[in-house]
Each structure stands twice: as structure tokens, then as C-alpha cells.
Amino acid sequence: NAGVTQTPKFQVLKTGQSMTLQCAQDMNHNSMYWYRQDPGMGLRLIYYSASEGTTDKGEVPNGYNVSRLNKREFSLRLESAAPSQTSVYFCASNRGGISYEQYFGPGTRLTVT
Amino acid sequence: SQQGEEDPQALSIQEGENATMNCSYKTSINNLQWYRQNSGRGLVHLILIRSNEREKHSGRLRVTLDTSKKSSSLLITASRAADTASYFCATPNFGNEKLTFGTGTRLTIIP
């Protein structure tokens with residue numbers, strides 16, 4: 001099992017450009033999550049999907065959109081990138097809800113210039 | 001917002017020594033989770049302790065939970081160079097069904 005995979009690993013964007021971060025899991029998990037990690041801030045939840053067909057905002061959703069394409073895949077889109085979105089982005093999944101451990105992908109390091 | 005706060009922020013010890021880090025949180029929980037993050041990698045789940053448990057072991061890890069003090073500790077015994085990483089506690093917020101992570105303890109093991 002690959003677990004949680006993310007693409008790309010690195011990306012540099014210019015201000016105003018758009019891009020989609022891809023995430024897939026092969027553990028038949030119901031819930032999937034997108035976090036960003038900034039120095040000194042810990043992980044902050046951007047969006048999550050409790051189950052296929054549902055998505056909800058997290059702590060810092062502004063400037064992002066998500067799509068739960070199917071049970072395996074959960075993508076994060078930046079429509080118009082800003083320097084404040086320079087961060088490391090992590091996707092995670094679990095069997096469902098906050099009473100279970102989460103499994104994380106390797107991350108995408110995004111720089112917006 | 002409810003958040004686990006780890007203490008200390010950074011810790012350096014000699015290989016073979018024990019490392020202890022603490023987490024405090026603000027509201028009632030039904031579980032608390034600890035994760036490890038090696039430099040440049042994703043987080044890895046270490047252990048989950050439920051509110052009706054006081055202590056839990058996994059290999060060289062020992063986690064305690066004191067719900068009356070709203071605190072938890074993670075003890076790593078007989079540390080190894082490979083334990084060098086950041087360690088995070090995470091607590092559930094049932095108000096919004098989200099898991100909140102602290103800012104982490106950066107542990108350095110000196111060979």
C-alpha cells in the first residue's frame with residue numbers, strides 16, 4: 001500500500017497563477033483533510049471531507065477550494081495564488097472523524113513569488 | 001480555539017537519555033494523539049490515548065494523560081539519533097469536528 005500520496009512535491013508559482021494539489025489514499029478511508037504548515041504556527045486545517053461527496057471549511061479556508069473527486073482522491077485548488085500562501089501543504093486521511101489517527105502524505109512545498 | 005501547547009519548544013539530550021515533552025490543552029477531550037515529524041517529511045502517528053486511560057505504552061514510548069490537569073506527557077526512553085524530530089500533540093474539538101495540533105517540540109538527540 002502506498003498510503004497517502006501527494007503531487008507535486010515542489011511548486012513555484014507567480015502571484016495570481018492557479019494550481020491544483022492532488023492527494024490520493026489507498027486505505028479505503030472515509031475522511032480526508034488538507035493542512036498547511038508554517039514556521040511557528042503548527043498545522044492549520046484548510047478544508048476537510050468527512051465522506052465522499054461532502055466538504056467543509058477548516059480554520060483557514062480563504063483563497064482555497066477543494067474537490068472530493070471520489071473516495072480515494074481529494075484535491076486542493078488555489079485559484080489566484082498569493083505570497084501568503086507560501087507554505088508546506090499536507091493531505092491526510094483516516095477512517096472517519098477526530099477519534100481516529102490520521103495518516104499523512106509527504107507534503108507539497110509551495111512558494112509563491 | 002482549543003489547542004494543545006507543547007512544552008518545551010526545543011529539547012536537546014545525549015543519545016541514550018530519556019526525553020520528556022508535555023502537552024496542555026483547554027477543553028474536555030475524549031482522546032489525545034501524539035505525532036512525530038522528521039525534517040521535510042509528513043507527520044507520523046505515534047500513539048492515541050483515550051480519556052479513560054491514564055497511561056499507554058508503545059515500544060520505547062510512554063504516554064500519560066491527566067484529564068483533571070488537562071495535560072499529557074510523552075516519554076521516549078533510551079533515545080536514539082533517529083528520534084531526532086518534531087513531536088506534536090493533537091486534540092479533538094467536538095464543536096467543529098476538527099483535530100487541532102500544537103506547535104510542537106523539536107527534539108535533538110546528540111550522538
Side-chain angles (χ1 to χ4, degrees), chain A residues 2-10 21 23-25 27 29-51 54-61 87-111, chain B residues 1-10 21 23-53 56 58 61 63 65 74 85-106:
Chain A
V4 179
T5 57
Q6 292 182 235
T7 56
K9 285 188 167 52
F10 300 93
L21 282 64
C23 174
Q25 52 90 10
M27 295 173 281
H29 284 162
N30 292 314
S31 300
M32 298 185 74
Y33 309 83
W34 276 106
Y35 294 92
R36 59 178 290 173
Q37 185 178 35
D38 302 291
M41 300 287 289
L43 269 78
R44 292 183 291 169
L45 183 65
I46 304 171
Y47 270 94
Y48 71 104
S49 171
S51 61
T54 68
T55 60
D56 282 287
K57 295 178 181 179
E59 185 182 354
V60 288
S87 188
V88 182
Y89 292 85
F90 290 100
C91 177
S93 70
N94 71 358
R95 68 174 77 176
I98 53 180
S99 296
Y100 299 99
E101 62 269 29
Q102 296 188 5
Y103 294 81
F104 283 78
T108 294
R109 187 173 294 274
L110 175 67
T111 301
Chain B
S1 63
Q2 176 185 0
Q3 184 174 26
E5 295 286 344
E6 293 90 346
D7 173 63
Q9 289 188 331
M21 53 207 86
C23 171
S24 60
Y25 57 92
K26 296 177 183 173
T27 64
S28 296
I29 58 173
N30 77 342
N31 76 81
L32 185 143
Q33 303 178 33
W34 284 93
Y35 290 79
R36 182 188 74 229
Q37 184 180 32
N38 292 91
S39 182
R41 311 290 285 272
L43 277 72
V44 173
H45 179 261
L46 295 176
I47 199 163
L48 182 154
I49 186 166
R50 300 199 183 278
S51 59
N52 60 352
E53 299 174 302
K56 198 164 182 179
S58 177
L61 305 180
V63 169
L65 180 63
L74 170 66
S86 291
Y87 292 81
F88 297 86
C89 67
T91 52
N93 183 334
F94 288 97
N96 54 18
E97 285 295 307
K98 299 188 180 49
L99 198 61
T100 303
F101 289 81
T103 52
T105 291
R106 184 172 182 82

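All chains are named by letter (A, B, ...) in the order of the sequence lines, taking the proteins before the strands, and each is independently numbered beginning at 1.
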Please classify the contact between [X] and chain B as side chain, backbone, both or neither, with a heavy-atom cut-off of under 4.5 Å.
{"X": "A:Gln37", "answer": "side chain"}
{"X": "A:Tyr35", "answer": "side chain"}
{"X": "A:Lys9", "answer": "neither"}

Restricting to non-hydrogen atoms, name the atom on A:Gln102 and the atom on B:Leu99 that form the minimum distance, rounded to 0.1 Å.
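Closest approach of A:Gln102 to B:Leu99: NE2-CD2, 3.6 Å.
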Does a sphere of radius 6.0 Å around [atom1] in [X] hold more than 12 heavy atoms from other residues, nucleotides or ligands, not counting ones at 6.0 Å or beyond?
{"X": "B:Arg106", "atom1": "CZ", "result": "no"}
{"X": "B:Lys56", "atom1": "NZ", "result": "yes"}
{"X": "B:Gln9", "atom1": "CD", "result": "no"}

Are the side chains of A:Phe104 and B:Arg41 in touch, meaning some heavy atoms are under 4.5 Å apart?
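Answer no - side chains too far apart.
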With a 4.5 Å cut-off on side-chain heavy atoms, are A:Leu43 and B:Leu43 touching?
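Sidechains of A:Leu43 and B:Leu43: in contact.
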Value rounded to 0.5 Å, distance of CD in A:Glu101 from CG in B:Leu46
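One gets 11.0 Å once the value is rounded to the nearest 0.5 Å.
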